[in-house]
Amino acid sequence: LDEICTKARAEKLKVVHQQKVEECMRNPPPRVDDPRAACERMWNGYGWGVPTGKGGRSPTLYNEIPECLAAFEARKEDIR
């Protein structure tokens, strides 16, 4: 079930990642050779809850989708 959750989140996050990169490309970072690559790096991992360069974490998105809730409930049952 965890694998199903991860795949479902990946599909949703791919769309969000593409949107963030396109948004970044409208106002690309200055002084870079490849603005698209810079935007891709900047938004890589967004939504997965990865560490940021400032000591925080990026938001974790889509944990509440049905596939992930089912995986959570199954893990909870295993603990009991």
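We use all heavy atoms of the structure for the numbers below, so side chains are in, but hydrogens, waters and symmetry mates are not.
With sequence neighbours left out, the side chain to side chain contact (heavy atoms under 4.5 Å, CB included) criterion links Pro59 to Tyr46, Leu61. Evaluation of the side chain to side chain contact (heavy atoms under 4.5 Å, CB included) rule for Ala8 yields Ile65, Glu67 as partners, not counting sequence neighbours. Here Glu64 pairs with nothing under the salt bridge (charged side-chain N to carboxylate O under 4.0 Å, His left out) rule; sequence neighbours left out. Residues passing the salt bridge (charged side-chain N to carboxylate O under 4.0 Å, His left out) test with Glu22, sequence neighbours excluded: Arg36.
Residues Cys24 and Pro29 are in side-chain contact: their nearest non-hydrogen atoms beyond the backbone lie under 4.5 Å apart.
Clustering of Ile, Leu, Val, Met, Phe, Trp and Tyr by side-chain heavy atoms under 4.5 Å joins Ile4 with Leu1.
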Name the atoms and distances for all side-chain donor-acceptor pairs under 3.5 Å in residues 38-45, with sequence neighbours left out.
none

Side-chain donor/acceptor pairs under 3.5 Å, residues 11-21, sequence neighbours excluded:
none

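In this structure a side-chain-to-backbone donor-acceptor pair under 3.5 Å is present from Arg9 to Gly47.
Every pair tested for side chain to side chain donor-acceptor pair (under 3.5 Å) that includes a residue from residues 47-61 fails, sequence neighbours excluded, so the list is empty. Legend: ring-ring contact (aromatic ring centres under 6.0 Å, His included) pairs involving residues 52-75, not counting sequence neighbours: none detected. Screening residues 23-33 for salt bridge (Lys or Arg N to Asp or Glu O under 4.0 Å) gives no qualifying pairs among residues at least two apart or on separate chains.
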